[in-house]
Amino acid sequence: MVGQQALTELAKRRGFFFGANEAYGGTAGFYTFGPEGAALKRNVESAWRERFTLRLGNEEIEAPTVMPEPVFEASGHLDGFDDMLIECAECGESHRADHLIEDAVADIEDAEALGVDRVEELIREHDLACPTCGAALSGEPVEDFNLMFETSIGPGSGQPGYLRPETAQGIFVEFPRLKEYARGQLPFGVTQIGPAYRNEISPRRGIIRVREFTQAELEQFIDPEEDEPPLEDVADVEVTLYPASEQNADDGDYIQTTIGEAIDEEIIGSPWVAYFLGVAQGWYERVGVDMDRFRFRQHLAGERAHYAADCWDAESEVGGNWIEIAGFAYRGDYDLRKHGEHSEDRFTVFKRYDEPKTVERATVNPDMSALGPEFGGAAGDVADALQELAESDPDAFDSNEVTVDVDGESYTIDTDVANFSVEEQTENGEHITPHVVEPSFGVGRTVYTLLDHAYSEDTVDDETRTYLSLAPEIAPTDVAVFPLVGDDDLVTTADDVADELRAAGLSVSYDDSGSIGRRYRRQDEIGTPFCVTVDHEGLEGDSEPTVTLRERDSASQLRISVADLAAELEAVLAGDGTFADLQDRYERVDTDVTTA
RNA sequence: GUGCCGGUGGUCUAGUGGUAGGACCUGAGCCUUCCAAGCUCAUGGCCCGGGUUCAAAUCCCGGCCGGCACACCA
């Protein structure tokens, strides 16, 4: 196991990531990905896109990071994302004011909804004390802290906006158009990879908890009554589960099972969530997460977000701690329903019935030439109220007069004027609000996990060697090319080989400095899976030139002709064969190197 | 946000009220035909601001950044 300190040091020194704006003292919670880190992150994103967008037949979008205030009124982030903090004057501890009240006052369960002033009052009335030191908190100010970054759109006072706290909202808000694009057919999925922002009170633990981070999210829109995931694709996938029941039990333990069994035994409630856990398991394994340090943990009841009906996290163990690297939430119809209520657009899809239905519907057709002169500006509202009444209580129209309330005023109308009737109508279907299943991945945390799990040390010729055993698919550099020594003919050939490999689309690093061993170590430390060395032996005689090809983890080499090199490397990097396969087909080089 | 500890070349680190030394790295050269070798030379540093002092990188205060603990993490 590697400590956070050693990994952070390597990350800084080798250009994976480092604190941003250090020239100006640094900014807590913001990191820059250096050349190696940016390449690694890009490769992780590509692998995610390949699996969760392309392979699943979904579509990817790119929405703005700044969104106007009403979006977050609808999503609940403006209220639900607030923390009410109160600070003890005696010991300086900060506490959640709303939690204090919920604990102390029996009949208040959601103190957050009460507002700052009322919460301050309640603390006075109940004479609440600091849980840490016991000093009275009465009279201390309660501060609202919203975790969203606020900004202002346009000049002057502008309109208030926020940096999105999750990429998901960019997908939900555009649902009306995305639905059109999907031709109104459920199920369909939309993905987005991009930055999200949370103004954390206290960023911690390096890159693990930051204020700007990259999310890769899939919003799967489904008809909850009809759509089922292709569970047969993942039924046999083995997973390590840590359900809420086990977390609560004294002797709770992990459950090793398959996705199929977990559904049969109702450990995972939602088949869709289970499906995505299965897909994710395979993906994490592929990009290089150590599956012995990986688990799916179910959220405890009190832990769930305001939108989530059931939620599982993917967690990895890094530096001895478990961190969340993805969340799988069944969000129900919460998001689309809310945006539908708050905006002018329709966040529904039309679901056709198998057979058209004939229904009796009570309607009114009010004589507006009578209502208008009588009620003036209220006439339109009265007409609407009559229609509502017709639907909810048609019997009200049996008598001669009917009364409706509009804004607290009562209006009484002759029933004749309302033109009440019951008509038979044909309904071909209904508008339903889709449910949403959301796999949401933290890209930065995944990158950190991969570095942690790839970090290795061994001994080569009695010297300690540090190397990153990254999956070839996601390693920042595919291959490094060296001339064994600085002779002109070796340098020229090595240059040509590097150029040829670049032309084949590989990410190539060229290095002719210092001793060959030093150059191998450099590449080991950034996880480059292969090194190609041009030596005199390979250029001797009239036969085709050859080079040595070295594999990172074993440090073993084989001799291969330059003509075959690009194609063989491409195949291995694409996961089509391994270095061991090449060893069977090409001459091994005895290097006298011993690894232990 | 609170408490404790810390901040010296790219990285790691020694050190003192009189402006700094090492190791590794990096660059140039010599040597070198496969794993951080050796030799020569070179580049490069006291987090920021204020105070005390003849003099502050050193002491004091504040800020910023980092680590740990608490709180927080929808």
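Atoms considered below: every heavy atom in the structure, side chains included; atoms not considered: hydrogens, waters and symmetry mates. Convention: sequence-line order gives letters A, B, ...; per-chain numbering from 1.
Checked by distance alone, A:Arg550 brings a side-chain donor or acceptor within 3.5 Å of a matching partner on the base of B:rC35. Residue side chain A:Arg209 reaches the base of B:rC72 through a donor-acceptor N/O pair under 3.5 Å, judged by distance alone. Counting atom types as modelled, A:Ser202 pairs no side-chain N or O with a base atom of B:rC72 as donor and acceptor under 3.5 Å. At a cut-off of 3.5 angstrom, the base of B:rC34 holds at least one donor-acceptor pair with the side chain of A:Tyr520.
With both pairing distances under 3.5 Å, B:rU40 is matched to B:rA28 as a Watson-Crick or G-U wobble pair. When Watson-Crick and G-U wobble pairs are counted only if both distances are under 3.5 Å, B:rG3 pairs with B:rC68. Both distances falling under 3.5 Å, in either a Watson-Crick or a G-U wobble arrangement, occur for no nucleotide opposite B:rC73.
Between A:Arg518 and B:rC25 there is a side-chain N or O to OP1 or OP2 distance below 4.0 Å.
Rounded to whole Å, the P atom of B:rC24 lies 10 Å from the corresponding atom of B:rA37. Going from the P atom of B:rG1 to that of B:rG49 covers 22 Å, rounded to whole Å. Taking atom C1' on both B:rC65 and B:rA23, the two are 26 Å apart, rounded to the nearest angstrom.
Among the protein residues, A:Thr8 comes within range of no part of the nucleic acid, since none of its heavy atoms lies under 4.0 Å from any strand. Nucleic acid contact class of A:Gly19 (heavy atoms, under 4.0 Å, all strands): none. When heavy atoms are screened at a 4.0 angstrom cut-off, A:Ala555 is found touching base atoms of the nucleic acid. When heavy atoms are screened at a 4.0 angstrom cut-off, A:Gln557 is found touching base atoms of the nucleic acid.
With A:Asp524 as the partner, the salt bridge (Lys or Arg N to Asp or Glu O under 4.0 Å) test is satisfied by one option alone out of A:Arg465, A:Arg518, A:Arg552, A:Arg519: A:Arg465.
Atoms CH2 (A:Trp322) and P (B:rC73) sit 22 Å apart, rounded to a whole Å. In this structure, CZ of A:Arg14 is placed 13 Å from P of B:rU11, rounded to the nearest angstrom.
If you look at A:Tyr520 and A:Phe482, their ring centroids are closer than 6.0 Å.
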